[in-house]
2 protein chains.
Amino acid sequence: MATQNPARPRRRGHDPESVLSIAVSVFNERGYDGTSMEDLARALGVTKSAIYYHVPGKEQLLARALDRALDGLFAMVTDPRAAAGPAIDRLEFVVRQSVRILVDRLPYVTLLLRVRGNSATEQAALERRREFDRFIAHLVKQAAAEGSIRADVDPALVTRLLFGAVNSITEWYHPSRGATADDLANTLLTITLDGLRTPTP
Amino acid sequence: MATQNPARPRRRGHDPESVLSIAVSVFNERGYDGTSMEDLARALGVTKSAIYYHVPGKEQLLARALDRALDGLFAMVTDPRAAAGPAIDRLEFVVRQSVRILVDRLPYVTLLLRVRGNSATEQAALERRREFDRFIAHLVKQAAAEGSIRADVDPALVTRLLFGAVNSITEWYHPSRGATADDLANTLLTITLDGLRTPTP
DNA sequence: GTGTTTACCGAACATTCGGTCAGTTGACAA
DNA sequence: TTGTCAACTGACCGAATGTTCGGTAAACAC
């Protein structure tokens, strides 16, 4: 025994991880329903049936991808920095963290944000996502109650628009060229907290 | 002749317009690729083949829906109020108008924003949309050049985030209950131009 | 009444879908 | 050299897909 490296180099071929990674990128290009197993096989450089050696099926690929996005988001919710202190500070932390997770797990979160509930898998993901959204909405409401954000706007509406901007990152962000997650978060928080307008003298 | 009302009551059955309207709402529920002609038929209360009496096919339904969204957006671009005056005022007009069109033509714009370019129809729509996006980006850049918006943020990034918030409306807005298009635009412009934060004394 | 048009149905079409399975390949251990 | 086994192929399945087509019932025109 012990002739084999525990993290063996996998000389050739795929594993469940590489299949998932490539599958998710194709899902994001063509949409989940618009992607056939044949499309995935082509992207992987194998035949359709080879995919079933690594993963149980198409819907399991989706389920694993969505979990990867949701686990990241919920890890942040349970962070102590999201639970104590002034609501406005916790909100800023959550926004910053959301942007980071969104960028770190871009393909997975992108897929999550496009889910419409067509199957039990998608509905379960949608429900977890709604739970996350409720958490954010509660935070904004608290910040309003504490007087940290202006009183002439509806907190529920603010939540939607704020995270509309955050989530839009999946629609246009390309990690290769351009800003870092921190750049994005800084710009986003500057705009939404302090406003774009320059003071008119 | 003249025995027929020019706006005849259409005693029974569908017409291309009602088919499009219902089809788009189903497309938005399940996604275009996730919607079968059988799904549409069920929603229309007819058989699959009846649909082909009114419209040439599934992709034509998509094309007509996308045009309806894009025509609205481009009508605004050619409005004189979007072409003259301080860039910051024109930007505010365009944001306000975008929200209005988005709400007025909610299902059509929703469909447009989910297009990924899977067919020639989708690619053509994407190209028209990109043209619209370039117009907005140019406006923000001008507002920055005129010193009307803060200089410490990247105008391109501002454009993405601003219209990320605008476009997110399709993800959560329900016209029945809740705010009007003007409410949405007011809140959105208040946040992004003046900021959420209350001044700390 | 008769003929025409409108709006539809039911059956079938070729194709594509996700998925299965018996068998093959090639790297490795002994 | 032989045997093992992970990784894969190719042929195939039943179901679902978008679309076509011959027929038809009801409303209309005359």
Side-chain angles (χ1 to χ4, degrees), chain A residues 1-24 26-27 29-66 111 118-122, chain B residues 1-24 26-27 29-66 111 118-122:
Chain A
M1 62 188 305
T3 51
Q4 192 143 267
N5 194 321
R8 52 183 171 185
R10 279 254 173 272
R11 285 166 312 283
R12 301 197 302 125
H14 296 281
D15 58 22
E17 180 58 38
S18 71
V19 171
L20 177 62
S21 163
I22 293 178
V24 168
V26 181
F27 287 163
E29 269 173 39
R30 308 168 114 78
Y32 175 75
D33 285 313
T35 303
S36 68
M37 295 301 276
E38 194 60 57
D39 291 330
L40 293 187
R42 208 174 302 121
L44 286 160
V46 296
T47 55
K48 235 186 352 164
S49 43
I51 300 174
Y52 290 90
Y53 178 77
H54 300 291
V55 292
K58 194 187 179 188
E59 197 166 350
Q60 271 295 317
L61 280 169
L62 178 63
R64 291 181 193 184
L66 296 178
L111 197 59
N118 281 358
S119 61
T121 299
E122 297 195 5
Chain B
M1 60 189 307
T3 52
Q4 192 144 264
N5 195 321
R8 52 184 173 184
R10 279 251 175 273
R11 282 167 313 285
R12 301 197 300 125
H14 295 282
D15 58 20
E17 180 57 38
S18 71
V19 170
L20 177 62
S21 161
I22 292 177
V24 169
V26 181
F27 286 162
E29 268 174 39
R30 308 169 115 76
Y32 175 75
D33 285 314
T35 303
S36 68
M37 294 301 275
E38 193 62 56
D39 291 331
L40 294 186
R42 208 174 302 121
L44 286 161
V46 296
T47 56
K48 252 193 318 178
S49 46
I51 300 174
Y52 290 89
Y53 178 77
H54 300 291
V55 292
K58 195 188 178 188
E59 197 166 350
Q60 271 296 318
L61 280 169
L62 178 63
R64 291 180 192 185
L66 296 179
L111 198 58
N118 280 358
S119 61
T121 299
E122 297 194 6

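Chain naming here is simple, since letters A, B, ... match the order of the sequence lines and numbering starts at 1 in each. The structure displayed is predicted, hence computed values, not measured ones. Excluded from the calculations below are hydrogen atoms, water molecules and symmetry mates; all remaining heavy atoms, backbone and side chain alike, are included.
- Annotation: salt bridge (Lys or Arg N to Asp or Glu O under 4.0 Å) contacts of B/E38 (sequence neighbours excluded): none.
- As a whole-Å value, the separation of B/L44 CG from D/dG18 C1' is 16 Å.
- Here the OH-CG distance, from B/Y32 to B/N118, works out to 9.5 Å after rounding to the nearest 0.5 Å.
- Taking atom CD of A/E59 as the reference point, atom C1' of C/dG18 lies 11 Å away to the nearest angstrom.
- Residue pairs that meet the salt bridge (Lys or Arg N to Asp or Glu O under 4.0 Å) test with at least one member in residues 44-62 of chain B, sequence neighbours left out, do not exist here.
- For C/dG19, the OP1/OP2 oxygens have a side-chain nitrogen or oxygen of A/Y52 closer than 4.0 Å.
- In terms of modelled atom types and a separation under 3.5 Å, the side chain of B/H14 and the main chain of B/L44 share a donor-acceptor contact.
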Any protein N or O atoms within reach of nucleotides 21-24 of chain D? Criterion: under 3.5 Å, listing atom names and distances.
none

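- For A/S36, the side-chain hydrogen bond (donor to acceptor under 3.5 Å, both in side chains) partners are A/D39, not counting sequence neighbours.
- The interatomic distance linking A/Q60 (CD) with C/dG18 (P) rounds to 15 Å, in whole Å.
- When the P atom of D/dG18 is taken as reference, atom CG of B/L40 falls 8 Å away, rounded to whole Å.
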List the steps and the verdict of side chain to side chain contact (heavy atoms under 4.5 Å, CB included) for A/T35 and A/L40.
-> CA-CA 7 Å; A/T35 303; A/L40 293 187; 3.7 Å; yes
For nucleotides 15-17 of chain C, list the nitrogen or oxygen atoms of the protein found under 3.5 Å from its nitrogen or oxygen atoms, one pair per line.
none

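- Applying the 4.0 Å criterion to OP1 and OP2 of C/dT6, one finds that B/H54 has every side-chain N and O outside that range.
- Here the straight-line distance linking atom CD of A/Q60 with atom NE2 of A/H54 works out to 15.5 Å at 0.5 Å rounding.
- Scored by the side-chain contact (heavy atoms from CB on, under 4.5 Å) test, A/E29 finds no partners at all (sequence neighbours excluded).
- Between C/dA7 and B/Y53, a contact under 4.0 Å exists linking OP1 or OP2 to a side-chain N or O.
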